[in-house]
Amino acid sequence: MALDSKIPQGHISEKWTNHKNNLKLVAPNNRPKIDVIVVGTGLAGASAAASFGEMGYNVKAFCFQDSPRRAHSIAAQGGINAAKNYQNDGDSTYRLFYDTIKGGDYRAREANVHRLAEVSSNIIDQCVAQGVPFARDYGGLLDNRSFGGTQVQRTFYAAGQTGQQLLLGAYSALSRQIGLGNVKMYNRHEMLDIVKVEGKARGIIARNLITGELERHSAHAVIIASGGYGNVYFLSTNAMGSNVTASWKVHKKGAHFANPCFVQIHPTCIPVHGTNQAKLTLMSESLRNSGRIWVPAKKEDAEAIRSGNLKPTQIAESDRDYFLERKYPAFGNLVPRDVASRAAKDVCDAGHGIESNDTNEGVYLDFASEIITKGKQAAFMQGDHNPSDATIQDFGKKWVESKYGNLFTMYEKITDENPYETPMKIYPAVHYTMGGVWVDYNLMSSIPGCFVAGEANFSDHGANRLGASALMQGLADGYFVLPYTVSNYLAEEIRTGKIATDTPEFMEAENAVRQSIEQLINNNGTKSVDYFHKKLGLIMWNKVGMSRNEKGLKEAIEEIGQLREGFYAEVNVPGAANELNQELEKALRVADFIELGQLMAKDALDREESCGGHFREEYQDAEGETLRDDEKFGYVAAWEYNGSDASKSVLHKEELKYEFIKIAARNYK
């Protein structure tokens with residue numbers, strides 16, 4: 001089937017405005033006749049549910065957490081981008097558009113990205129009106145800081161807890177609609193299938209995670225806003241419950257899954273400490289504004305640090321390799337995440353890693369220079385033009401604490417090391433997924449009536465996401481895109497009437513879910529769900545991780561196929577189906593992860609180039625940088641489901657056309 005992206009005609013700066021002006025509307029008196037389901041209550045889902053409730057639709061919102069406030073969006077730390085140019089340093093809508101396209105290594109859809117840049121300023125205004133406590137400068141104006149892949153300051157932030165504060169804003173709007181009866185909230189419910197009637201999305205099958213009961217819920221449109229799939233690697237910065245199930249069930253019913261191999265490895269995470277670790281912790285990218293990243297220039301110094309015979313503070317400046325500043329002088333420590341991550345891997349592979357773990361992988365994020373610089377400035381402002389070292393340190397640490405205090409506290413609690421005195425240890429880890437369900441310009445999947453928002457879709461970030469753009473996309477989709485595009489679709493549903501749930505389609509979907517549950521519960525295996533999830537994670541990290549090659553990807557496809565067979569033959573799921581059963585929850589999610597993992601390897605094998613987060617060792621230049629092949633692979637890879645063996649999935653291509661940006665080699669030097 002041909003993919004119709006439905007991109008409007010006209011100049012890039014006018015596409016969204018003209019498109020909105022020509023979309024169909026639903027009159028306020030007709031909206032109460034229409035039902036909308038929203039799956040997921042992070043920034044994209046909560047903002048969408050609140051928006052549709054405010055408009056007067058009947059909304060059902062679902063989350064597997066005990067409260068929408070526990071959605072993984074709260075974990076975002078560093079900030080949210082917007083092209084307001086408060087710092088007067090040359091920012092603009094076009095600059096944000098350009099940086100995002102370039103940062104994604106020219107693998108994003110041009111029209112969607114420009115729309116994102118256009119509505120970015122509205123997001124900040126919306127959130128300020130909701131009371132989000134963004135940081136402010138001395139004069140009381142909203143403050144900004146820099147993030148990777150840019151040369152301007154456009155990131156708005158609330159200390160190191162921006163995601164939490166933004167989610168509280170969206171949650172307050174959602175709670176108001178729940179209180180008014182416009183939104184019905186289903187906490188501790190997990191979507192396990194989508195229901196199609198005559199080809200259209202007409203509802204979902206959800207499991208009550210407390211009672212185990214399967215429930216049928218109908219609607220005229222379904223919005224999937226369930227986040228990304230980073231936990232396919234087992235170890236990631238995602239919350240333990242984050243999963244791909246909602247997106248994958250939609251995929252199995254006919255929605256294409258796009259660019260699954262595009263995975264972001266975040267450069268500033270606390271390194272892995274042991275084989276029994278179940279979760280990795282992210283340290284905000286905002287720290288790269290003030291911290292300098294380095295490793296010992298001498299291998300013997302690195303070995304001495306790993307053995308505990310040398311401290312990083314004992315290594316002279318001349319014996320340190322600030323490798324990002326050395327390799328990328330124009331951007332330094334603020335290169336995009338994929339570039340910084342590969343650079344860290346390279347120096348550790350060369351024997352300069354500083355962490356005493358199984359792989360000796362880790363680099364330093366050092367704040368000593370910033371403490372001195374800011375300390376001198378603060379002392380000077382106090383009238384002390386010749387401050388002592390102690391005064392400089394005192395003022396400098398207070399400045400750093402005002403910017404990043406909660407992050408430093410978190411780091412110290414986890415590592416038992418004081419980052420004001422000793423450099424942080426960091427290393428790349430799986431963080432965000434740029435791939436997801438394929439959607440057109442209206443954010444509708446290839447299933448009519450099924451829309452996908454936020455990290456669950458593929459549309460805005462190409463092969464690599466710039467920092468502080470995830471929160472921007474989630475809120476843009478929920479507040480400023482879906483209310484227009486979904487209403488356009490629903491304009492044809494006014495006469496449909498209430499959708500019954502006692503139809504063959506709902507019965508068939510519920511029975512299929514029940515059978516999959518019974519298969520797992522009644523299995524006589526001996527191995528835990530985590531046993532298989534960890535094995536999958538090792539295959540994915542070692543062969544479909546930060547660096548990939550043809551041999552490893554072919555092995556991964558074969559090994560994951562064998563793992564899938566072993567899972568259904570040997571997994572043990574204790575307990576019953578009709579009760580609270582977290583092992584059953586995990587088993588259902590891991591079953592989907594296994595199929596997805598194989599598709600990710602298939603997609604990575606098929607894409608014979610290096611771009612963004614997809615690095616094929618065969619395709620790199622003499623300096624180890626990515627080598628794109630725009631002629632052969634300048635497209636979105638949209639995969640059609642063709643059975644549980646993902647190696648048999650069918651590829652559809654959406655050609656990427658750049659009319660308003662000139663494609664060039666991505667250069668941050």
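Keep in mind the model is a prediction, meaning the values are calculated, not measured. Just so you know, these numbers use all the heavy atoms, side chains as well, and skip hydrogens, waters and symmetry mates. Starting from 1, each residue takes its place in the sequence as its number.
Between Y186 and H217, the ring planes lie perpendicular to each other; the angle is over 60°, past the 30° to 60° tilted range. Using a 30° and 60° split on the angle between ring planes, Y94 and F97 fall in the perpendicular class, above 60°. Taking the six-membered ring where the residue is Trp, F593 and H533 present parallel rings, their angle staying beneath 30° rather than reaching 60°.
Just one residue in the list E508, E505, E510 forms a salt bridge (Lys or Arg N to Asp or Glu O under 4.0 Å) with R216, and that residue is E510. The side chain to side chain contact (heavy atoms under 4.5 Å, CB included) test with T100 is passed by exactly one of V113, N464, D460: V113. No option in R107, R548, R628 other than R548 meets the side-chain hydrogen bond (donor to acceptor under 3.5 Å, both in side chains) test with H614.
No cation-pi contact links R337 to Y432, judged by a cut-off of 6.0 Å to the six-membered ring centre and 45° from its axis. F633 does not carry R607 over the face of its six-membered ring by the limits of under 6.0 Å from the centre and within 45° of the normal.
Considering all non-hydrogen atoms of both residues, S51 and G478 come closest at OG-O, 3.3 Å. Contact between G79 and L471 at its shortest, heavy atoms only, is O-CD1, 3.4 Å. In plain terms, the two heavy atoms of F506 and I204 that are nearest each other are CE2-O, 4.3 Å. Summarising the geometry of S446 relative to G254, their closest heavy-atom pair is OG-O, 3.2 Å, with the distance given to 0.1 Å. When all heavy atoms of N182 and G53 are compared, the closest pair comes out as ND2-O, 3.3 Å. Here the closest heavy-atom approach between residue V250 and residue I447 is recorded as O-CD1, 3.6 Å.
By the 6.0 Å contact criterion, CD on E198 is open, its count of non-hydrogen atoms from other residues, nucleotides or ligands being 12 or less. The environment of CZ in R188 is crowded: more than 12 heavy-atom neighbours from other residues, nucleotides or ligands sit within 6.0 Å. Atom OH of Y484 has 12 or fewer neighbouring heavy atoms from other residues, nucleotides or ligands inside a 6.0 Å radius. Heavy atoms from other residues, nucleotides or ligands lying under 6.0 Å from CZ of R31 number more than 12. A 6.0 Å sphere centred on NZ of K253 holds more than 12 heavy atoms belonging to other residues, nucleotides or ligands.
With respect to D338 and R666, a salt bridge is recorded, a charged nitrogen being found less than 4.0 Å from a carboxylate O. A salt bridge does not link E640 to K648: none of the charged side-chain nitrogens sits closer than 4.0 Å to a carboxylate oxygen. Note on R176 versus E54: salt bridge recorded, some NZ/NE/NH1/NH2 to OD/OE distance being below 4.0 Å. With respect to D91 and R154, a salt bridge is recorded, a charged nitrogen being found less than 4.0 Å from a carboxylate O.
Contacts of E654 classified as salt bridge (Lys or Arg N to Asp or Glu O under 4.0 Å), with partners at least two apart in sequence or in another chain: R109. Legend: residues meeting salt bridge (Lys or Arg N to Asp or Glu O under 4.0 Å) with R115, ordered by chain and number and at least two apart, are absent.
Judged by distance alone, with hydrogens and angles left aside, the side-chain atoms of N259 form a donor-acceptor pair with the main-chain N or O of A637 at under 3.5 Å. Within the 3.5 Å criterion, the main-chain N or O of A44 finds a donor-acceptor partner in the side chain of S47. Between the side chain of E285 and the main chain of G148, a donor-acceptor pair closer than 3.5 Å is present. A donor-acceptor pair under 3.5 Å is formed between the side chain of Q77 and the backbone N or O of L282.
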Does the pair K602 and D645 meet the rule for a salt bridge (charged side-chain N to carboxylate O under 4.0 Å, His left out), with working shown?
CA-CA 11 Å; K602 168 74 172 175; D645 182 356; over 6 Å; no
As a quick check of understanding, evaluate side chain to side chain contact (heavy atoms under 4.5 Å, CB included) for D592 and K249, giving each step before the final call.
CA-CA 8 Å; D592 295 328; K249 298 309 185 189; 3.2 Å; yes
Run the numbers on K15 and E118 for salt bridge (charged side-chain N to carboxylate O under 4.0 Å, His left out), then give the verdict.
CA-CA 11 Å; K15 287 181 186 290; E118 284 181 65; over 6 Å; no
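Side chains of H114 and E110: a donor-acceptor N/O pair is absent below 3.5 angstrom, by distance only. Counting only N and O atoms by type, the side chains of N642 and S649 include no donor and acceptor under 3.5 Å apart. In summary, the side chains of Q165 and T162 do not present any donor paired with an acceptor at a separation below 3.5 Å, with no hydrogens or angles considered. For the residue pair S242 / N231, no side-chain donor-acceptor distance below 3.5 Å is found, with atom types taken as modelled. With 3.5 Å as the limit, one finds no donor-acceptor pair spanning the side chains of D99 and T150. Residues E455 and T433 bring a donor and an acceptor atom of their side chains to less than 3.5 Å of each other. Side-chain atoms of E585 and N243 include no donor-acceptor pair closer than 3.5 Å.
The aromatic ring centres of W248 and F257 sit less than 6.0 Å apart. Here the two rings, on F64 and H189, have centers that are 6.0 Å apart or farther. A centroid separation of less than 6.0 Å is found between the aromatic rings of H652 and H256.
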Could you go through residues 218-226 and list every donor-acceptor pair under 3.5 Å that involves a side-chain atom there, pairing it with any protein atom two or more places apart or in another chain?
{"unit_1": "S218", "atom_1": "OG", "unit_2": "I499", "atom_2": "O", "d": "2.8"}
{"unit_1": "H220", "atom_1": "ND1", "unit_2": "D35", "atom_2": "N", "d": "3.0"}
{"unit_1": "H220", "atom_1": "NE2", "unit_2": "G497", "atom_2": "O", "d": "2.9"}

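Side chains of L23 and H19 form a contact here, defined as non-hydrogen atoms less than 4.5 Å apart.
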